[in-house]
Amino acid sequence: MTSFTRRRFLQQAATAGAACSANLMFGGFSWAQTPASGANAPTRVYLDFRRTFPPLDRNLFGSFLEHLGRAIYGGVYEPGSKLSDPNGFRKDVLDEVKHLAVPIIRYPGGNFVSGYRWQDGVGPKKDRPRVLDKAWDSIETNQFGTNEFIAWCRLVGAAPLMGLNLGTGTPEQAAALVEYCNVEKGTRWSDLRREHGIAEPHRVQHWCLGNEMDGPWQIGHMSATEYGLKAADAARQMRYVDHGVQLVACGSSGPFMPTYLEWDREVLEQCYDYVDGLSLHRYFGNTRETNGDTAKYLAMNLSMERQIAETAAVCDYVQGRKRSAKKLWLSFDEWNVWYRTTSGDAVDGKRQEAPHLLEEVYNLEDALLVGGLINSLLRNSDRVKVACLAQLVNVIAPIVTNSNGLLRQTIFYPYSWALQFARGAAVKLLVESPQYEVPGMDHLPYVDVAATYNAESKDFSVFVLNRDLSKAREVEFLWEGSAPSRVVESQILTGDDLKAFNSFEAPQRVTPRPFEKPSRSGMRTRFEVPPRSYSIIQWSS
Ligand code: AHR
């Protein structure tokens with residue numbers, strides 16, 4: 001591992017008072033959800049299908065695969081395994097991801113990408129070099145590269161979100177990769193792809209211009225102005241090759257950065273005209289920022305919303321300064337819970353192939369927070385067009401493999417519900433919830449609700465997080481205009497033990513169970529959500 005890790009940086013920043021204090025996380029931010037009178041009052045949700053955001057971009061619930069630990073090797077690709085197909089792709093993982101219907105997958109990094117030569121990963125496998133991946137101190141065999149990734153994406157039905165090396169890489173090499181992937185034929189790099197046996201261009205639309213370039217842990221880290229200029233140049237050259245690409249510039253690595261928002265502003269001042277989106281990253285944990293207080297932890301999705309609002313404000317500020325007609329969208333292309341495996345052996349590849357890195361074991365409370373984070377993304381789907389649960393397999397992941405099969409971690413379930421049930425457009429809700437107090441922080445709503453309505457199928461889905469750790473909470477929907485007729489799906493994730501987790505020995509400890517279908521009386525529907533729970537209810541008209 002590089003001597004200067006993200007974790008060490010965070011610790012230093014915390015000591016200097018620059019990391020997320022409770023105030024930075026929550027202070028002075030007013031929630032979309034308003035207080036209800038009385039601590040035991042029901043949560044009232046006023047909803048009207050005529051009030052929706054623009055249609056959801058399916059890419060809101062994408063994911064991420066990095067050349068890191070066992071994500072690629074031993075995760076999606078394991079030649080010689082009894083579970084793999086003739087291409088070396090793990091069939092169990094492929095089926096699971098296909099079944100999940102993940103819309104877009106970011107690749108190949110992450111920190112890895114900032115030292116990656118994409119040319120090492122294409123062409124005959126026997127000629128590909130074994131190299132040292134300096135980001136994770138691991139051995140990269142290059143047996144899986146761009147073409148294998150795109151082939152795998154096609155099989156699982158996902159679009160690629162390709163990361164570019166703007167650390168050691170140059171804008172010229174970035175444009176060469178676009179040429180390799182997207183030009184049909186008759187140029188140096190497109191003909192090389194054809195020599196590699198791929199006649200049809202990959203037509204990759206979405207590209208990330210580097211990764212976390214604000215971080216001193218990043219290979220090729222530079223100042224905001226330097227990066228902004230480099231990103232602008234890369235974007236210009238890439239568009240000369242293919243004007244249809246969608247480009248995402250690197251925003252701040254998170255609110256813990258001392259340069260948070262300043263970085264974003266300075267970068268955009270250089271490259272606003274050349275890009276379409278700006279990235280955000282964020283990892284949450286129940287130690288660092290919350291001191292192990294689960295009541296606080298389960299409200300951290302609200303601080304994701306604050307981060308989105310602040311980052312959007314910077315984009316709009318630069319738009320105004322430039323008198324530009326273009327509004328940038330946001331790409332929340334790394335988000336998850338990650339706090340247990342952030343240092344020591346968990347991040348040190350020790351020059352091994354496919355080492356066990358960042359193998360975070362998720363428990364029930366992590367899954368509940370992931371549910372809350374999904375609600376937050378839905379509530380911001382007018383601005384966030386791409387978001388990636390980081391990551392997908394083995395590395396801080398909902399899916400874990402061993403030589404005999406795979407395991408669904410707790411966070412798999414809220415993520416799969418988002419993919420299955422969040423369809424159409426997010427509904428603009430008015431939610432009145434009783435609140436609780438966390439010392440030193442604002443009042444926080446017990447019940448967090450998000451909803452989507454699909455005008456074509458007339459399906460309406462509601463996602464409810466109950467942050468109350470000890471009490472069931474009553475929820476009342478007040479339908480305005482029209483009400484749906486029948487509940488078609490109703491599931492809940494809950495349990496007595498917030499620290500319970502799944503393992504290969506006990507894979508069903510934390511799994512969803514059916515939830516009693518609420519019934520309607522006139523224009524009202526009432527039901528109770530158990531303490532410590534995340535549920536989905538889908539109605540149809
Ligand atoms: O997802 C793990 C790492 O977290 C990524 O490589 C990096 O971008 C972030 O710091």
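In each ligand, atom 1 is the first atom listed, and ligand 1 is the first ligand listed. All values reported here derive from a predicted model rather than from experimental measurement.
- Contact record, L278 with C315: CD2-SG, 3.8 Å, taken as the closest heavy-atom pair.
- Near Q391, meaning under 4.0 Å from one of its heavy atoms, ligand 1 places the atoms 1 (O), 2 (C).
- If you run side-chain hydrogen bond (donor to acceptor under 3.5 Å, both in side chains) between H281 and each of D333, N336, D214, only D333 comes through.
- Nearest heavy-atom pair, L209 versus A235, reported as atom, atom and distance to 0.1 Å: CD1-CB, 4.3 Å.
- Taking 4.0 Å as the cut-off, F112 does not count as a neighbour of ligand 1 on heavy-atom distance.
- Here the side chains of T141 and R130 are in contact, with some heavy-atom distance below 4.5 Å.
- Proximity of N211 to ligand 1, defined as any heavy-atom pair under 4.0 Å, is confined to the side chain (atoms from C-beta onward).
- The shell of residues lying under 4.0 angstrom from ligand 1, judged by heavy atoms, includes I396.
- Atoms of ligand 1 found under 4.0 Å from any heavy atom of F64 (numbered from 1 in listed order, with element): 1 (O).
- Near Y283, with a cut-off below 4.0 Å to any heavy atom, the atoms of ligand 1 are 1 (O), 2 (C), 4 (O).
- Proximity of W335 to ligand 1, defined as any heavy-atom pair under 4.0 Å, is not found for any part of the residue.
- Between F504 and N404 the shortest side-chain heavy-atom distance does not fall below 4.5 Å.
- Polar contact with ligand 1: present for E212 (N/O pair, distance under 3.5 Å).
- Residue contact check: E66 has heavy atoms under 4.0 Å from atoms 5 (C), 6 (O) of ligand 1.
- For the pairing with H67, the ring-ring contact (aromatic ring centres under 6.0 Å, His included) check across F149, W118, Y77, F112 returns one residue only, F112.
- Taking 4.5 Å as the limit, some side-chain heavy atom of C181 sits within range of a side-chain heavy atom of W207.
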